[in-house]
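Read through the structure below, which is laid out as structure tokens, and then see the notes.
One-based numbering, in listed order, for ligands and for the atoms of each. Fair warning: this is a prediction, and the values are worked out from it, not measured in the lab.
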Amino acid sequence: MADRIIINEVGPRDGIQSQDGELSLEQRRLFIQALLDAGIRHLEMGSFVSPRAVPQMAGTDDLARSLEVPADVHLSALVPNTKGYELAREAGVKTVAVVASATDTMNQKNIRMSLDQTMRVCLEIIERGSREGVRVQAYLAVAYECPFEGSTNPAVVIDLAAQLLESGATELVVADTIGAANPAQVKQLMGTLAASHPVERLACHFHDTRALGLANVYAAIEQGIRRFDASVGGLGGCPFAPGAKGNVATEDVVMLCEQMGFETGVDMPALLEVVDLIGSMLGRTQGGRAHYWLSKNAA
Ligand code: COA
Ligand code: ZN
């Protein structure tokens with residue numbers, strides 16, 4: 001059997017959160033449904049955050065309740081704090097994602113907490129999750145570079161990663177929030193983490209700001225990583241991290257993986273239709289680097 005790569009689609013959260021204008025809940029639901037129909041099995045469906053901070057994510061509770069999820073689909077939602085965790089749990093969400101940024105300033109800008117406070121909250125949610133049957137994925141944001149503090153100290157990332165994994169986070173997602181990493185750095189950091197933790201519990205999240213998204217995915221694959229976040233059409237960006245462009249496009253990552261002989265389970269023609277669908281909902285053409293070529297050649 002071919003080696004499998006898990007694509008965690010984050011378009012419905014990271015993709016939409018920074019777009020001008022809000023999609024209706026029905027549009028968000030149709031978007032998610034189309035992604036599931038294209039074979040996506042891991043998907044971040046939204047976030048339980050302050051609607052004042054991120055109006056695009058308002059109503060994620062109603063959205064979660066309205067989704068009919070097949071047994072093999074793993075839906076997650078981002079929660080920035082305990083209140084978000086409780087709202088997600090009440091809405092029946094089985095997997096939540098907590099986010100610790102590796103620098104103080106980024107935590108302050110994103111969720112108005114220091115790094116220490118953020119880690120306390122994350123560890124508490126991880127601990128509650130394991131008692132209450134909720135899977136908790138931990139994100140380490142600005143793992144390579146922070147828009148406010150510059151280069152991130154890898155020793156800090158390695159220490160925070162160990163704390164999050166040892167406390168029971170199901171996965172650790174190393175996030176290049178602003179798309180500043182290069183493949184040599186990815187090789188170094190993911191290689192170090194993979195030497196101390198099971199690779200099945202490690203994942204990567206790249207943004208394609210400097211067109212290095214796919215190269216970074218490749219560098220992580222070489223270090224044994226088999227779980228990647230991606231956003232269909234290359235949508236995305238964090239409203240609190242200036243300069244961040246879209247996530248690495250799902251269609252680009254699927255193309256890379258499949259051409260290298262990995263299985264993703266994603267149906268490319270159907271995925272390209274989702275690129276068109278979200279483009280029409282947002283009123284702007286979307287598509288990753290390979291979209292033009294894939295549109296003409298994906299069978
Ligand atoms: N979901 C919904 N509402 C929330 C909430 C959550 N997870 N956490 C707090 N709130 C509400 C509070 O109830 C309060 O509402 P009120 O004014 O009606 O009483 C209000 O938000 C302010 O609460 P407070 O604890 O003072 O929060 P804050 O103003 O310090 O903001 C966050 C903190 C985390 C809520 C806010 O910064 C946020 O939602 N950030 C989202 C960041 C994000 O999504 N980043 C991108 C992904 S990494
Ligand atoms: Zn992101």
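Neither side chain, Glu127 nor Ser167, offers a donor N or O lying under 3.5 Å from an acceptor on the other.
In this structure, ligand 1 sits under 4.0 Å from heavy atoms belonging to Arg13, Gln17, Phe48, Val49, Ser50, Arg52, Ala53, Val54, Leu78, Pro80, Asn81, Lys83, Gly84, Leu87, Asn110, Ile111, Arg112, Phe240.
Classified by interplanar angle (parallel below 30°, tilted 30° to 60°, perpendicular above 60°), the ring pair His205/Tyr139 is perpendicular.
With hydrogens and angles ignored, the 3.5 Å screen pairs no side-chain donor or acceptor of Glu145 with any backbone N or O of Ile178. At distances below 3.5 Å, at least one donor-acceptor pair connects side-chain atoms of Thr152 with backbone N or O atoms of Val142.
Taking OG from Ser231 and CG from Asp252, the interatomic distance works out to 11.0 Å, rounded to the nearest 0.5 Å. Between the CD atom in Gln137 and the CD atom in Glu171 there is a gap of 4.5 Å [rounded to 0.5 Å]. For the atom pair CD1 of Ile40 and CG of Asp267, the computed distance is 10.5 Å after rounding to the nearest 0.5 Å. Note: Gln17 CD to Glu22 CD = 13.0 Å, rounded to the nearest 0.5 Å.
Around the Zn ion (ligand 2), the protein contributes the following N, O or S atoms under 2.8 Å, ordered by chain and number: Asp14 OD2, His205 NE2, His207 NE2.
A heavy-atom distance below 4.5 Å is found between the side chains of Arg128 and Glu86.
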